[in-house]
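Per chain, numbering begins at 1; letters A, B, ... match sequence-line order.
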Amino acid sequence: MRLALDIITVVLISAGGFFFMAGTIGLLRFPDTLTRLHALTKVDNLGLGLIVFGLLAQVESRLDALKVIAIWLLVQMSGAIVSQLIAQATRRLGRQT
Amino acid sequence: MTLVFACEVVLAGLLVAIATWTIVARTAFAAIVVFMVYGLLLAIVWVALSAVDVALTEAAIGGGVTSIVLLGAASRLRGSKAAVPSVSFPFKITAGVLCAVVSAGLAAVVFSLPDVAPTLAPVAKENLAESGLGNPVAAVLFVFRAHDTLLEKVVLLLALVGVWSLASDSAWGGVPALRVYASPSRILVFLDQILPPIGIMIGIYMFWAGASQPGGAFQGGTILAAMWLLTMMARLQDVPSISARWLRLLLVVGPMAFLAVGLAGFFFADSFLAYPPSISKPLIIVVEATLTLSIGVTLALLVAGPPERLPQQ
Amino acid sequence: MTITNFLLAAAAFVLLMVAIGLARILYGPTDVDRILSVQLIGSGGVAVLLLLSVGLKLPPIMDVALMLGLLATFVSVAFLRDAADSSSVSTSTTEDR
Amino acid sequence: MNSAALFGYCGAVLVGLGLYGLITRPEVLRKILAFNVLGSGVFLLFGVFARRGAAAGLGADPVPQALVITGIVVAFSATALVVALLVRLNKETGQVIITSDDPEESGKQGVLP
């Protein structure tokens, strides 16, 4: 059981780390703000999400598990909305110049 | 252990690089964004130094509200086309050498610190039970060095009085000119409707948890301030006039409660700011609750700045 | 390699990726690009702190992650307010609503 | 080198950096930023002393930690006050730097109040 949980953790967190790396490569290589924002949302959603699910198999108590999920939901929601706001600001900036 | 150290080396390198960037960035806006990242990174550094209470304060105040205050100033100054004198290269070199000497001196101090570090941790731990609290840092803040904390609240209020006194005569008692969104988009309004209730809950949790684990009035109060500012920026709520009675009351209720409990110490315990042992925990909780409110309001008003126009204009 | 070591290694890796990403976005060229860094340090910092919290078995670190996520959102909203204005000519007169 | 020493050196470098910015940047806003960097370097040194004082099952000495928390708040108060002063200065004179009261001096810098 322990071993199974550990394997799940390793697989999910490695996948999360992979998306962090992919996001960083995207940030380095993409040409403009909107495409870089696209790369960043992958980090937000998949990177953090997979890491959170991987950690759920390791937390000590049920309360901690709830807290991890709450933090994830908060970051997920505000991240999604702020990404939209950033995209809106980029468009507004593009129109003005 | 070495893995933790690897983490810390990355962190330290990043921190110094970001700090350098803050200093050398060309535009003020860029420097402030970098400074914000710097504040949030410092929070992770404090975690690495096992100072979780400080990490929370640094993330909230160092990374959060300080950069918002600076940002407000930067956006107001952006319009002005005043000439900035350039600094000569030899002067920069001289200053650089001087600062390197200062850094080297401090590094030498760090290098030659005594092997057995002086510490008050055992004393704090021993007397922790008496305070009724579980968090040693909160015990230091509210019991062992309570006068520091009381005066710090007074400093916050004095700073606010100083900021307000910079208003022009015609605007005195008016409304602070916090910069708000001219036309908040619907998605922003949605965020500002959904986030503050969650944020207020987290703020109360921070203050409540502060008694037994890292957290406390400051961290909770800052979150409340951030949530209030958020709703004002999206124009879901008006910026209040500084002469509003409820506002003034909220500003002083925390320090007053603290002071009252401190004075009561003369009669019910043996000295100023001493708590009767049997009810010390409930007393501290009451003081912290009112302080959380007062700190939240004070911080938000410090960010909003001096009043600039009269109400109903 | 124990699971604790794995979590700490993952934290170091994510931190490194965040560092590289930050370097790219803070470089600009526009102010909106720089605001992406707030998002990145928000989600990356939360990931690092959660990994450390579970890896070192110190649940209070989760509260720092919560604080970081919340404050990053607040700061991005405030920054976007001014970045969207940055290309307009005079900003000093727009403060009265 | 252990982690406390690492961040100690880090703090020393930050103090130097902040001082450099404080001296060489003419704009007041950048001086304030630099001063905050300097301050955080000093706080970090305090944090190192706290970390080294770990004892009695505590990860760090709570007394320096409490001092740093107070310090962060006071630094914020000072920043807010000086930012308000700067905005007022800019409103009155249009300046973003502090010029000398001596008319000859400010004439040299090419700006008159």
Among Leu98(B), Asp148(B), Leu11(B), Val45(B), residue most engaged with chain D (heavy-atom pairs, under 4.5 Å):
Val45(B)
Spacing of Leu81(D) atom CG and Leu158(B) atom CG [to the nearest 0.5 Å]
9.5 Å
Under the side-chain contact (heavy atoms from CB on, under 4.5 Å) rule, what do Leu77(B) and Leu86(D) come out as? Steps first, then yes or no, please.
CA-CA 9 Å; Leu77(B) 301 186; Leu86(D) 168 65; 3.7 Å; yes
Nearest 0.5 Å, what's the CD1-SG distance between Ile23(D) and Cys99(B)?
4.0 Å
Do Ser40(D) and Tyr38(B) meet the criterion of a side-chain donor-acceptor pair at a distance under 3.5 Å?
yes
To the nearest 0.5 Å, what is the distance between CH2 on Trp46(B) and CD1 on Ile69(D)?
9.0 Å
Identify which of Ala100(B), Ala104(B), Ser103(B) forms the greatest number of heavy-atom pairs closer than 4.5 Å to chain D.
Ser103(B)
Report the distance from atom CZ of Phe46(D) to atom CG of Leu49(B), rounding to the nearest 0.5 Å.
14.0 Å
Under the 3.5 angstrom rule, does the side chain of Arg25(D) hit a backbone N or O of Ile23(B) as a donor-acceptor pair?
yes
I'd like to know if the side chain of Arg30(D) and the backbone of Ala25(B) have a donor-acceptor N/O pair within less than 3.5 Å.
yes
Which atom pairs, donor and acceptor, lie under 3.5 Å between side-chain atoms of residues 58-70 of chain B and protein residues at least two apart or in another chain?
unit_1: Thr66(B); atom_1: OG1; unit_2: Ile61(B); atom_2: O; d: 2.8
unit_1: Ser67(B); atom_1: OG; unit_2: Gly63(B); atom_2: O; d: 2.7
unit_1: Ser67(B); atom_1: OG; unit_2: Gly64(B); atom_2: O; d: 2.9

Can you tell me how far the OG atom of Ser77(D) sits from the CG atom of Leu302(B), to the nearest 0.5 Å?
6.5 Å
Output the distance between atom CZ (Arg76(B)) and atom CG (Leu29(D)), rounded to the nearest 0.5 Å.
12.5 Å
Side chain / backbone / both / neither for Leu166(B) at chain D, heavy atoms under 4.5 Å:
both
Testing the basics here: between Tyr20(D) and Lys92(B), what is the closest heavy-atom pair and its distance to 0.1 Å?
CE1-O, 3.5 Å
Winner by heavy-atom pair count (cut-off under 4.5 Å) against chain D, out of Ala31(B), Ala19(B), Pro306(B)
Ala31(B)
Non-hydrogen atoms of chain D under 4.5 Å away: do they reach the side chain of Ala108(B), the backbone, both or neither?
neither
